[in-house]
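One structure is given here, and the rest of the page talks about it.
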Amino acid sequence: MNQSRHLEKLQHFKAYNPTAAQVRIASAREVEEAETLTRRQRVVCLVCCLIAAGIMIETLFFKFTAAPESVYIFKRMGTEPWMRWVQGLWELTASIGLLLPRLRWAGGILTTGAMTAAILSHMTWLGYSIQGDHGLLFGMALVTFTCGFTVMWTYRHHIPGYVPATMY
């Protein structure tokens with residue numbers, strides 16, 4: 001077997017074992033994450049964040065004040081009033097996450113989850129048109145889902161523990 005002159009033999013391999021002082025110095029360093037998004041991606045994500053947060057914040061009033069439409073929806077699913085409050089708090093948290101740049105990844109995940117639940121509720125228990133709205137709530141859920149998914153996908157590299165799949 002022909003061995004390369006540039007590589008040491010495996011028998012001479014030594015694992016890197018830093019001292020405690022070297023570990024302290026390395027952990028004290030601040031590492032700034034490189035901005036990997038283009039200007040267009042940042043603008044699209046900002047618009048998606050504003051649209052999704054705006055729609056969810058708008059519906060919070062109806063959930064937290066027990067508006068007749070909101071009560072009707074959650075009674076129809078058999079989860080009134082506790083799920084109305086849970087969904088409202090979930091959407092409030094998602095909206096805050098979307099509006100804070102460091103938490104956009106979390107806002108995207110929460111928005112996608114909340115709107116998946118809303119879309120499935122429309123497709124199973126509620127139907128597409130609720131109290132003569134001609135599908136407006138369902139359409140708003142679809143738009144919000146699309147915006148939330150776009151933000152989540154764009155900021156997926158910011159998710160703690162995310163490991164991108166390699167193509168080999």
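In what follows, every heavy atom counts, from backbone to side chain, and hydrogens, waters and symmetry copies are set aside. Keep in mind the model is a prediction, meaning the values are calculated, not measured.
Atoms CG and CD1, from Leu50 and Ile57 in turn, are 9.5 Å apart once rounded to the nearest 0.5 Å. Considering CG of Leu136 and OH of Tyr128, their distance stands at 16.0 Å, rounded to 0.5 Å. One distance of note links OG1 of Thr59 with CD of Glu69; it measures 12.0 Å at 0.5 Å rounding.
Grouped by direct or indirect side-chain proximity (heavy atoms under 4.5 Å, Ile/Leu/Val/Met/Phe/Trp/Tyr only), Val44 sits alone. Grouped with Phe62 in one hydrophobic cluster are Phe61, the linkage being side-chain heavy-atom contacts under 4.5 Å among Ile, Leu, Val, Met, Phe, Trp and Tyr residues. Its side chain within the 4.5 Å cluster rule, Leu137 clusters with Tyr72, Ile73, Phe74, Met77, Trp82, Met83, Val86, Trp125, Leu126, Ile130 among the Ile, Leu, Val, Met, Phe, Trp and Tyr residues.
Looking only at distances, no side-chain donor or acceptor of Arg156 sits under 3.5 Å from a matching main-chain atom of Tyr162. Using modelled atom types, no side-chain atom of Thr111 and backbone atom of Gly108 make a donor-acceptor pair closer than 3.5 Å.
Listed here is the closest heavy atom pair of Thr36 and Gln41: O-OE1, 4.1 Å. Heavy-atom minimum distance, Ser70 versus Arg84: OG-CD, 3.3 Å. Val23 and Pro18 make their closest contact through CG2-CG, 3.9 Å (heavy atoms, listed as atom of the first residue, atom of the second, distance). Across all their heavy atoms, Cys45 and Val151 have their closest contact at O-CG2, 3.9 Å. Taking all atoms of both residues into account, the shortest heavy-atom contact from Met140 to Ile55 is CE-CG2, 3.8 Å.
Side-chain heavy atoms closer than 4.5 Å link hydrophobic residues (I, L, V, M, F, W, Y) into clusters, and following such links, even through other members, never connects Met152 to Val143. Linking ILVMFWY residues whenever their side-chain heavy atoms come closer than 4.5 Å, directly or via other members, leaves Ile51 and Leu46 in distinct clusters.
Classification of the Tyr155-His158 ring pair by plane angle, with boundaries at 30° and 60°, yields tilted.
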Can you give me every donor-acceptor pair (side chain of residues 95-105, partner residue at least two apart or in another chain, under 3.5 Å) with its distance?
residue	atom	partner	partner atom	Å
Ser95	OG	Glu91	O	2.9
Arg104	NE	Leu98	O	3.0
Trp105	NE1	Arg102	O	3.3

For residues 114-124, dump all side-chain donor-acceptor pairs below 3.5 Å to protein atoms at least two apart in sequence or in another chain.
residue	atom	partner	partner atom	Å
Thr116	OG1	Thr112	O	2.6
Ser121	OG	Ala117	O	2.8
His122	ND1	Gly127	O	3.1
Thr124	OG1	Leu120	O	2.7

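Residues forming a side-chain hydrogen bond (donor to acceptor under 3.5 Å, both in side chains) with Glu58 (at least two apart in sequence, or on another chain): none.
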